[in-house]
Amino acid sequence: MKRYAAAFGIAATLALAGCVAPIGPVEVTRFHAADIAMLGKGTISVEPAPGADGNNLEWQSYRAAVMRQLVLLGYTEAVPGAGAQVATMTLSRQTLQPQGRSPVSVGVGGSTGTYGSGVGLGVGINLSPTPSSQVATDLAVTIRDRATAAALWEGRASFTVSSKSPLANTALGAPKMTEALFKDFPGQSGETILVK
């Protein structure tokens, strides 16, 4: 009986370990003004950048994740159009299909020599599975002083995962990606880092 309980415990631990969705690496680049005293305090709203569609569900999920990070940094959430600062956001998600290749290849070879000639034919069959499609996500956030429109901070993050990964799902990907974007806020200006 103890042996079955131990085996069940190990199986349960492995199953839970399989549920952890690692992210990364997320490529993050950030820039900020020389004076960072205004960052991380006051009121702020998250709004679509010019040309961005802020009405779709994916954008709204990422907006909520960005606001959650801003509140953790010390900001107080304001309604759109209000707030001393504004975080404008753009989001791009696309599915990349792998390059197709023929599963069968044919090779022909020949030789001639003193004792005759010969021709050979070889057929190769690729049995490896077709690679799955990839989901590429790019997120950009710019924090501005609302009164002067001066840019205080700008961050961009991007990552690509298999379409079969749990992180291809916006509900899981948005919090992980925004955590990477705001890690060690405001970050080293001009530096690109990989967050795992």
Side-chain angles (χ1 to χ4, degrees), residues 9-34 36 38-41 44-49 52-54 56-75 77 85-99 101 128-144 151-196:
I10 291 170
T13 302
L14 291 175
L16 288 174
C19 293
V20 175
I23 179 113
V26 179
E27 184 177 281
V28 175
T29 305
R30 296 172 288 198
F31 301 92
H32 57 75
I36 59 172
M38 295 176 64
L39 292 173
K41 60 178 127 181
I44 194 168
S45 64
V46 179
E47 302 173 13
D53 178 12
N56 69 57
L57 292 177
E58 283 184 335
W59 193 94
Q60 290 294 331
S61 294
Y62 275 84
R63 185 210 69 79
V66 166
M67 182 53 77
R68 190 174 312 112
Q69 290 300 314
L70 292 172
V71 168
L72 290 172
L73 293 171
Y75 283 104
E77 183 175 1
Q85 295 177 31
V86 57
T88 55
M89 188 184 97
T90 58
L91 175 68
S92 168
R93 286 174 54 85
Q94 57 183 325
T95 301
L96 309 171
Q97 297 296 333
Q99 293 284 339
R101 63 175 186 239
S128 62
T130 304
S132 63
S133 58
Q134 303 284 307
V135 176
T137 306
D138 295 298
L139 174 67
V141 176
T142 302
I143 298 175
R144 295 184 182 277
L152 306 173
W153 183 89
E154 179 181 342
R156 295 188 301 264
S158 61
F159 80 112
T160 303
V161 295
S162 166
S163 60
K164 296 178 180 177
S165 166
L167 292 172
N169 180 328
T170 297
L172 290 176
K176 294 292 186 183
M177 192 169 192
T178 55
E179 284 172 23
L181 180 61
F182 290 101
K183 183 179 177 65
D184 300 325
F185 182 82
Q188 183 70 36
S189 188
E191 182 181 54
T192 298
I193 60 171
L194 291 178
V195 180
K196 296 183 179 179

>> List the residues meeting salt bridge (Lys or Arg N to Asp or Glu O under 4.0 Å) with Arg68, not counting sequence neighbours, and say none if there are none.
In response: none

> With a 4.5 Å heavy-atom cut-off, do Thr95 and Gln134 have their side chains touching?
Replying inline: no

>> Which residues pass the salt bridge (Lys or Arg N to Asp or Glu O under 4.0 Å) test with Glu27, not counting sequence neighbours?
In response: none

Tabulate below the donor-acceptor pairs under 3.5 Å that side-chain atoms of residues 181-188 make, not counting sequence neighbours, or state none.
none

> With Ser189, which residues qualify under side chain to side chain contact (heavy atoms under 4.5 Å, CB included), at least two apart?
Replying inline: Phe31, His32

>> Please determine whether salt bridge (Lys or Arg N to Asp or Glu O under 4.0 Å) holds for the pair Glu191 and Arg30, giving the CA-CA distance in whole Å, both sets of side-chain angles, and the decisive distance to 0.1 Å.
In response: CA-CA 6 Å; Glu191 182 181 54; Arg30 296 172 288 198; 5.8 Å; no

> Gln85 and Met38: which non-hydrogen atoms are nearest, and at how many Å?
Replying inline: NE2-O, 2.8 Å

> For the residue pair Val28 and Ala180, what are the closest heavy atoms and their distance?
Replying inline: CG2-O, 3.7 Å

>> So which atom in Lys196 and which in Pro25 form the shortest heavy-atom distance, rounded to 0.1 Å?
In response: CG-CB, 4.3 Å

> Are any non-hydrogen side-chain atoms of Met177 and Thr137 less than 4.5 angstrom apart?
Replying inline: yes

>> Determine whether Val135 and Gln94 satisfy the following criterion, side-chain contact (heavy atoms from CB on, under 4.5 Å), listing intermediate values before the conclusion.
In response: CA-CA 6 Å; Val135 176; Gln94 57 183 325; over 6 Å; no

> Which residues pass the side-chain hydrogen bond (donor to acceptor under 3.5 Å, both in side chains) test with Thr88, sequence neighbours left out?
Replying inline: none

>> With a 3.5 Å distance limit and no angle check, can you tell me whether Ser163 reaches the backbone of Ser133 through a side-chain donor-acceptor pair?
In response: yes

> About how many Å separate NZ of Lys176 and CG of Leu172, when rounded to the nearest 0.5 Å?
Replying inline: 8.5 Å

>> Under the rule for side chain to side chain contact (heavy atoms under 4.5 Å, CB included), what residues qualify as partners of Ala87, not counting sequence neighbours?
In response: Ile44, Val46, Leu70, Val141, Ile143

> Of all residues at least two apart in sequence or in a different chain, which pass the side chain to side chain contact (heavy atoms under 4.5 Å, CB included) check with Arg144?
Replying inline: Val86, Thr142, Ala151

>> Holding to salt bridge (Lys or Arg N to Asp or Glu O under 4.0 Å), I want the full list of residues that pass it with Glu179, two or more places apart in sequence or in another chain.
In response: none

>> Strictly distance-based, threshold 3.5 Å: is any side-chain N or O of Ser61 a donor or acceptor partner for the main-chain N or O of Leu57?
In response: yes

> Can you name the nearest heavy-atom pair linking Thr178 to Pro175, along with the distance?
Replying inline: OG1-O, 3.1 Å

> Only one of Thr90, Thr170, Leu91 clears side chain to side chain contact (heavy atoms under 4.5 Å, CB included) with Trp59; which?
Replying inline: Leu91

> Who pairs with Ala171 by side chain to side chain contact (heavy atoms under 4.5 Å, CB included), at least two apart in sequence or on another chain?
Replying inline: Asn169

>> Taking side-chain hydrogen bond (donor to acceptor under 3.5 Å, both in side chains) as the definition, give me every residue that meets it alongside Tyr62, ordered by chain and number, with sequence neighbours left out.
In response: none

>> Checking Gln69 now: which residues fulfil side-chain hydrogen bond (donor to acceptor under 3.5 Å, both in side chains) with it, not counting sequence neighbours?
In response: none

>> Please enumerate all residues that pass side-chain hydrogen bond (donor to acceptor under 3.5 Å, both in side chains) together with Thr29, with sequence neighbours excluded.
In response: Thr192

